[in-house]
Amino acid sequence: MAVRFDKNTKTFTLHTKKSTYQMKTDDQGVLLHTYFGSPTDESDLSYLIVPEDHGFCAQPAGNGGNRTYSLDYYPQEYPVHGTGDFRVTALKAGIEGQVPALDLRYQSHQIREGKYTLAGLPAFFAREDDRAETLEIILKDVYQEIYVRLLYGVLEEKNIITRAAVIENREERPLEIKRVMSMALDFMGGQKDLISFGGKHAGERQFERRALGSGITEIASMRGTSSHQQNPFVILCDRDTTEEHGGCWGVSFLYSGSFRIQAEVDQFEDVRVVCGIHDEEFSWILPGGGEFVVPEVALSYTDDGFSDLTMGLQRAMHKNLIRSPWKDRERPVLVNNWEATYFDFSGSKLLEIAEKGAKIDLDMLVLDDGWFGKREDDNSGLGDWFVNEEKLGCTLKELVDQINELGLQFGIWIEPEMVSEDSELYRTHPDWALVIPGRDPVRGRNQLVLDLSRREVVEFMKRSIDRLLTSANIAYVKWDMNRSVDNVFSSANPQLSQGAVRHRYVLGLYEVMEHVVTTYPELLLEGCSGGGGRYDAGMLYYVPQIWCSDNTDAIERLRIHYGTSFGYPMSTVSAHVSVCPNHQNGRVTPFKTRGICAMQGAFGYELDLGKLTDQEMEEAREQTKLYHQHGQLFQQGDYYRLTSPMENREFTAWSYVMPDGSKASLSVVYTDVHANPRPLRVKWKGLQRDGIYELEGREYTGAALMQGGMVLPKPRCNYDSCMFVIEKKK
Ligand code: DGJ
């Protein structure tokens, strides 16, 4: 039993393979949080809470004047605004027109087999072979018919505890929800570090570790998407935790809109972390009898350092979050025409690229932006999802058939959430764009955002995509989204607050994506938002891979991939070889290094194959062969970070290892070469200790390669690279 309730102590203890999580209903009916960490037994750990009469710490209603009890420092499971708790809270709500205040107490609970689901929202799921349980705890406001159903999903073997909630208004009058977080997590004592993954467009998910000091540290996005600038995944850890050792907690929010993660160190040095929809960009009027479903957050803990934590998360996301059948299939090696041609292409140019691609055994050609409406640059055309046959010189079907005849599959780019002011769609439905009446709209990349809170817009998007996908043999879609969402106003619902429209936008987006993945289950759908601007666990419920960054420079990608690997499976990282000088930063790197770096994920090319030299074409053919040969290892293997590009200036190394240690690869990119160099060594990980592996014509035991390591070849130039693949011989 993963979930245990002790009726004597009124404790709920949740066990996973590597963690224990505990809550307790106290004498006053308040649900306290007593523990989340290394596996322990079901002992009631509430003795760790020290009742004390602390100055300026108020008492909640009905506690009989006991000044040693205050929710201002007691650790709680779902702290609410209005109980004298002045830390960041999980819920701020009240009947419309009244002062927002709630006082939630335990009412009942239920433990059931299997993992709960959430209507219209992404959520981890249990597979048949999973031991999974759901705990539902119902809290009720002391004064009104306002209920909160806290949901816990325990995937015991996967070391995952998910949390979500449903807010129920059984009053007649509407409830105004001003803030609703998916979780609060209180830690009693202990100094903690916070690791986050901030960045920018073309520089996403940069690893950053900081010590939490008193006050609030915040990781957030108010951009309507999870964003390039911050990511809804963080790690909390003990001060001495490393890749290999120490306690760490992963918090991953399954939501693709604005989010807020706050970590507060309070006056007694306790830490509270909350995570949920960003409340400054949120408000919701819940009518009498209505329910509001709070998105899911996934938690994981291990004693064994970041590698163990993130590998566990990656495996769980692969098995229990990503639904696409492509997660277990080798991904096609593709060529995308974006950096090859940008908007300047014709049907014959595409066929020329496809012919070259066929020569080096590529699997697919992807037609990027510019094939529809009037779209010769980024000023026009979005929303007009009909093919520009004049530009292609034929119908889409004719083009796709010719590409298929060359032996390549066909993929296509769309950006369905957007509209250009210079488009048929905008001229017909100007009110479908999110703009504030009477103001010049805030534009991003010269485009406006469609109002996905409106049913007719959601239906239009479904229809447009259906028409496209049934018009030709399309095997892959790259779903892009190229601006942040601002000045949100829905002409159809002028009474709706900006916050409500923003959340409805995300729900509308998920509805369209659900339509696509269920109607076209074989389609390979790739997420994208100007690269990795919407790289979050919510998206992975719909797409098995995401264009990781618009930055295709192999060296900058080392840091981007490094950061991404903490929160997401590397099989979800889409990465391409592009030309040099690189279009984003002008850097020149060897073709080989670009290939090795891009093979960290779903591999492809993003260049004009017609402009490659014969030698580069030969290298591309070899790379494609290598990727096909070891595709299973790159897609299904465990990913090990062997060095940190944030710390090691000389080289970055990573490795893929089949979970049973039977096969492994190790890749190295040299990032700073020296004259008269010292020997560079690196240690393999994840091999079988007693296994015998052949490396460069010599036999080694797994123990030797892991404990002693290997000596790396000397680099011949800066940004040189190497890659080794070994198999267990016995
Ligand atoms: C942004 C994407 O990240 C690029 O790969 C490309 O598809 C462009 N949009 C096209 O507009």
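Just so it is clear, the model here is predicted, and its values are computed rather than measured. All residue numbers refer to positions in the sequence shown, counting from 1. Below, all heavy atoms of this structure are taken into account, side chains as well, without hydrogens, waters or symmetry copies. All ligand and atom numbering here is 1-based and tracks the order in the structure.
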Between Arg329 and Asp363, is the closest basic N to carboxylate O distance under 4.0 Å? no
Any ion pair linking Arg260 and Glu218 (charged N to carboxylate O, less than 4.0 Å)? yes
Does the Lys NZ or Arg CZ of Arg502 fall within the cation-pi geometry relative to Phe282 - under 6.0 Å from the ring centre and within 45° of the axis? no
In ligand 1, which numbered atoms sit nearer than 4.0 Å to a non-hydrogen atom of Gly531? 3 (O)
For Glu415, which part has a heavy atom under 4.0 Å from ligand 1: side chain, backbone, both, or neither? neither
Just checking, Arg641 and Phe566: is the charged tip under 6.0 Å from the six-membered ring centre and within 45° of the axis? yes
Taking only heavy atoms of Trp413, which atoms of ligand 1 are found under 4.0 Å from at least one of them? 7 (O), 10 (C), 11 (O)
Ligand 1 atoms nearer than 4.0 angstrom to some heavy atom of Cys528 are 2 (C), 3 (O)
Do Arg557's NZ or CZ and the ring of Trp547 fall within the cation-pi criteria of under 6.0 Å and 45°? yes
Specify side chain, backbone, both or neither for Arg445, according to which of its non-hydrogen atoms lie closer than 4.0 Å to ligand 1. side chain
Protein residue, atom and distance nearest to atom 6 (C) of ligand 1, heavy-atom basis: Asp368 OD1, 3.4 Å
Please write down residue, atom name and distance for the protein heavy atom closest to atom 9 (N) of ligand 1. Asp480 OD2, 2.7 Å
Run down the list Asp550, Thr552, Asn482, Asn336 and name the one with the heavy atom closest to atom 3 (O) of ligand 1. Asp550
Mark up the atoms of ligand 1 that fall under 4.0 Å of a heavy atom belonging to Trp547, in ascending order. 3 (O), 5 (O)
For Thr572 and Tyr535, does a side-chain donor sit closer than 3.5 Å to a side-chain acceptor? yes
Suppose we measure from atom 5 (O) of ligand 1 to each protein heavy atom; which comes out shortest, and what is that distance? Lys478 NZ, 2.7 Å
Does NZ or CZ of Arg559 lie under 6.0 Å from the centre of the six-membered ring of Phe207, at an angle within 45° of the ring axis? no
